Structures are given as structure tokens and as C-alpha cells.
> 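Here you go, one structure.
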Amino acid sequence: MPLGEFDLIARYFTRPARRALLGVGDDCALLAPTPGLQLAVSSDLLVEGRHFLSTVAPDALGHKSLAVNLSDLAACGASPLAFTLMMALPRADESFLQGFAEGLFALADAHGIELIGGDTTAGPLAIGITVLGELPPGQALRRDAARVGDELWVSHPPGGGLGDARLALEVFRDRVALDGAAFAAVRRAMERPQPRVALGTALRGVAHAAIDLSDGLSGDLGHILQRSGVGASLHWSSLPRSPVMCDQPLALQQTCLLGGGDDYELLFSAPPAMSDAVRRAAAAAGVAATRIGAVESEPGLRVRWADGSVTPWAQRGFDHFALAPT
Ligand code: ADP
Ligand code: MG
């Protein structure tokens, strides 16, 4: 007997509600928000072939589906509360569901949040998640809050950097070859991004603007610049990079570091007087943060190269409806 819709939900996606007053199984979930806090809400949809490869391990997919959503909450400085899960599944494949649920709930447990509902249907594989978080009024880190004179910072793994996920994608596309250990390292960055939730909340009252890097550094920085009505320059030599990235040719490094994609690190601006506070926030969150540039009044994005020359750089990231991905 194939697994039915309600058995599937009961077996893989129903756990006792802890914080929620009512969880999976009724027409609505019920949550009691913390009095005086604001709700932060964010959704992401992942479609097979577009956001993930059909070969990805189910537990990695479960992890990443929630990670990309938590990353959005982190970019606003919100503390996560709960999430809902929308799934279109070609079939009720129990080994897929088992692995997916394991990856999903391991990350949910690591952040102390619970699944409170969703919707399940047959169809081409797609995963949608909505996360709910909360934060004190007026303290959200917004894209429109960068100020001229701010320094630009990016988070990254200690000893690591930006662009590894893009490098892994280039290997999957057969455009780049890496040896086994190097490929394993960058593949992990692509499949198991770590949402910077602790850093996001620690940056409340410290950073001005913030965004999470999902579509690439130049494009995502472009969103901050446009919304804030400012320009910026990036210092090429300051961009953090992993040992594997350091071994790549310059043009590929540029594609991965500036074009990038799927980093799920936080890019944020903060006034120079806050640089110690930024370092303390990063240390408390167990991540590295590196100063990579500055916010300027001159519109547009510029890159300052190692030889001191400066060139304009397109503020372009991945666009699903553009003719060619950048
Ligand atoms: P409705 O018909 O009211 O939309 P459903 O029959 O679709 O309700 O879902 C039954 C219950 O299971 C609801 O509480 C819903 O939130 C929950 N649910 C459905 N799919 C999922 C899922 N993938 N993960 C978690 N909960 C789910
Ligand atoms: Mg339904």
C-alpha cells in the first residue's frame, strides 16, 4: 500500500507542539507571540533543477530548504520561532521523506524552532517554507538603512570565505575540475549552508543595513545600494576566500567571489565607530566577519584591485527571469 497524504504527514512531519499552542493537524496552527515584539515573516520556494540538483541527498535538501529561510530571518536580525512546509512530491518515496525530514528537523532543533503546519500535494518536486520570527520594534536590519561612511562587512566561516558554493556549482556544470578533497569542501558549502542567525540578532543596534547573500555579492550589495540611495566600493584583496578558492585562477575567483550565489552569509553595513562591536558580535556568534569595503555617496559599485586601480562593477546577481545568469 503506498503511503497516503495524511499518513505521510503524520509519519514524517508531525511532532508534539512545544511552543505552539496548536501545531500540525488542525485547520490552523496557533502561536502566542511574545508581547511587545514584532513578527518577521519570510518565504522561499525551491524547485528541482532550478534551486537544487536532482542528485542532491535528501537530508541535504531538508537542511538547505530550511537554511535558506532562516538566513532571511538572520538578515533582518529576527529570532526564529516556527515554520510551515509546502511540498509538491512526484511520489511518496519513504527513503526520500525519511532523509529529508532528518535534515530538516536537525537544523530546526539546532535553532529551537518547530514545524507548525503546511500543505502536501503530488506534483513536480518543489519545497516551500515560510518562517516566522520576532524582534523588538524598530530594530529590524533593513536593506534601506546603509549610510555614506559606513563600512561594509561580510560574515564567513573562520578560515573560509565567499564563493565556495558557486565553485561547487561550476564543478557540477563541468566547467571546473577539482580534486576529491577540494570538491568535498566546496560541495559542503553548497549543500549545507549555515544560516547566521546568532550573528543577525547580535547585530541589532550595531549594524545599519543587512542582507543575506543568496544571489551573489555584487547583486545583493546592489539591492542595499539601490534601496539606500548610495554607492560603494569593494576591496578585492579583502574579500575572504577559502584555501580552495585561493588556488583558483583570477577570473574564476572573480566569478565566484563577486558573482557568487548560494553563500548565505550576511553582508552588512556599520558605522566605523561600531567596528569593535561588530567583531564582538561575530565572536559571540562563532563566525568570522571581515571588512570588505565602504559605503560612498558616489552612486554605483566599484572594485578596488590589489594594484590600487578602481573599476566600475555591475550590480548584478542571479535573476530567474533574465536571459543569462551572471
Ligand atoms: P487543509 O485541508 O485544511 O488544507 P490539510 O489536509 O492540507 O489541511 O493538512 C492537514 C494538516 O497537516 C494541517 O494542519 C496542515 O497544516 C498539516 N500539513 C500538511 N502538509 C504538511 C507538511 N508538509 N508539513 C507539516 N504539516 C503539514
Ligand atoms: Mg491542504
Side-chain angles (χ1 to χ4, degrees), residues 1-34 37-74 76 78-134 191-195 197 212 214 262 264:
M1 260 280 279
L3 194 63
E5 175 186 338
F6 300 103
D7 294 333
L8 181 166
I9 297 165
R11 188 168 308 171
Y12 294 104
F13 300 109
T14 306
R15 304 201 307 180
R18 287 164 297 166
R19 185 188 168 115
L21 306 175
L22 187 58
V24 169
D26 213 305
D27 294 311
C28 289
L30 296 175
L31 273 181
T34 307
L37 297 190
Q38 291 179 340
L39 266 186
V41 182
S42 184
S43 302
D44 264 300
L45 178 62
L46 284 79
V47 175
E48 181 175 20
R50 203 141 253 283
H51 302 92
F52 57 91
L53 306 167
S54 52
T55 51
V56 68
D59 68 315
L61 182 59
H63 171 96
K64 188 162 178 178
S65 302
L66 182 57
V68 302
N69 279 277
L70 286 174
S71 181
D72 283 319
L73 281 190
C76 276
S79 305
L81 286 176
F83 65 105
T84 61
L85 171 65
M86 276 60 67
M87 306 186 88
L89 301 168
R91 68 198 81 80
D93 174 340
E94 294 213 49
S95 79
F96 171 86
L97 287 163
Q98 178 75 40
F100 180 88
E102 273 170 25
L104 181 85
F105 285 121
L107 187 64
D109 290 344
H111 289 275
I113 62 169
E114 60 188 337
L115 177 60
I116 56 169
D119 202 23
T120 306
T121 173
L125 184 58
I127 313 288
I129 286 183
T130 294
V131 281
L132 304 170
E134 58 185 18
E191 293 185 346
R192 298 225 163 239
Q194 298 299 322
V197 173
D212 68 314
S214 54
D262 265 5
Y264 302 105

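On a predicted model such as this, the values are computed, not experimentally measured, just so you know. The basis for the numbers below is simple: all heavy atoms, side chains too, and nothing from hydrogens, waters or symmetry mates. As the structure lists them, so they are numbered: ligands from 1, and atoms in each ligand from 1.
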> From the options Asp119, Leu89, Leu115, Leu97, select the one whose nearest heavy atom is closest to atom 4 (O) of ligand 1.
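Nearest option to atom 4 (O) of ligand 1, by heavy atoms: Asp119.
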> To the nearest 0.5 Å, what is the distance between CG on Leu73 and CG on Leu132?
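Nearest 0.5 Å value for the CG-CG distance: 8.0 Å.
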> Under the salt bridge (charged side-chain N to carboxylate O under 4.0 Å, His left out) test, which residues partner Asp93, sequence neighbours left out?
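In terms of salt bridge (charged side-chain N to carboxylate O under 4.0 Å, His left out), with neighbours along the sequence ignored, Asp93 is linked to no residue.
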> Report the part of Ile116 in contact with ligand 1, treating N, CA, C, O as backbone and CB onward as side chain, heavy atoms under 4.0 Å; options are side chain, backbone, both, neither.
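Neither; no heavy atom under 4.0 Å.
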> If you measure from each non-hydrogen atom of Leu85 to ligand 1, which part falls under 4.0 Å: side chain, backbone, both or neither?
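The answer is both.
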> Drop me the distance from Leu104's CG to Leu66's CG, to the nearest 0.5 angstrom.
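Spacing of CG (Leu104) from CG (Leu66) equals 5.5 Å.
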> May I ask whether Tyr12 has any heavy atom positioned less than 4.0 angstrom from an atom of ligand 1?
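It does not, in that no heavy atom of Tyr12 comes within the 4.0 Å cut-off of ligand 1.
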> For ligand 1, which atoms have a heavy atom of Asp27 less than 4.0 angstrom away?
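Per the distance check, 3 (O).
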> Anything under 30° is parallel, anything over 60° is perpendicular, the rest tilted; go ahead and classify Phe13 against Phe105.
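If you compare the ring of Phe13 with that of Phe105, the planes turn out tilted.
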> Counting from 1, what ligand 1 atoms have a heavy atom of Asp26 closer than 4.0 Å?
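Heavy-atom distances to Asp26 below 4.0 Å select 13 (C), 14 (O).
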> Would you find a donor on one side and an acceptor on the other, under 3.5 Å apart, between the side chain of Ser71 and the backbone of Ala67?
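A pair under 3.5 Å: no.
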> In terms of atom number and element, which parts of ligand 1 are under 4.0 angstrom from non-hydrogen atoms of Thr120?
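Listed by number with element, the hits are 19 (C), 20 (N), 21 (C), 22 (C), 23 (N).
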> Partners of Asp59 by salt bridge (charged side-chain N to carboxylate O under 4.0 Å, His left out), sequence neighbours excluded?
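For Asp59 the salt bridge (charged side-chain N to carboxylate O under 4.0 Å, His left out) partners, ignoring immediate neighbours, are Arg192.
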> Can you tell if the side chain of Leu21 reaches within under 4.5 Å of the side chain of Leu31, non-hydrogen atoms only?
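A side-chain contact under 4.5 Å is absent here.
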> Just go through Gly118, Ala10, Gly128 and tell me whose heavy atom is the nearest to atom 16 (O) of ligand 1.
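Among Gly118, Ala10, Gly128, the closest heavy atom to atom 16 (O) of ligand 1 comes from Gly118.
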> Could you tell me, atom by atom, which parts of ligand 1 come under 4.0 Å of a heavy atom of Val24?
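It comes down to these atoms of ligand 1: 12 (O), 14 (O), 17 (C), 25 (C), 26 (N).
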> Considering only heavy atoms of Phe6, which atoms of ligand 1 have at least one such atom less than 4.0 Å away?
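Listed by number with element, the hits are 6 (O).
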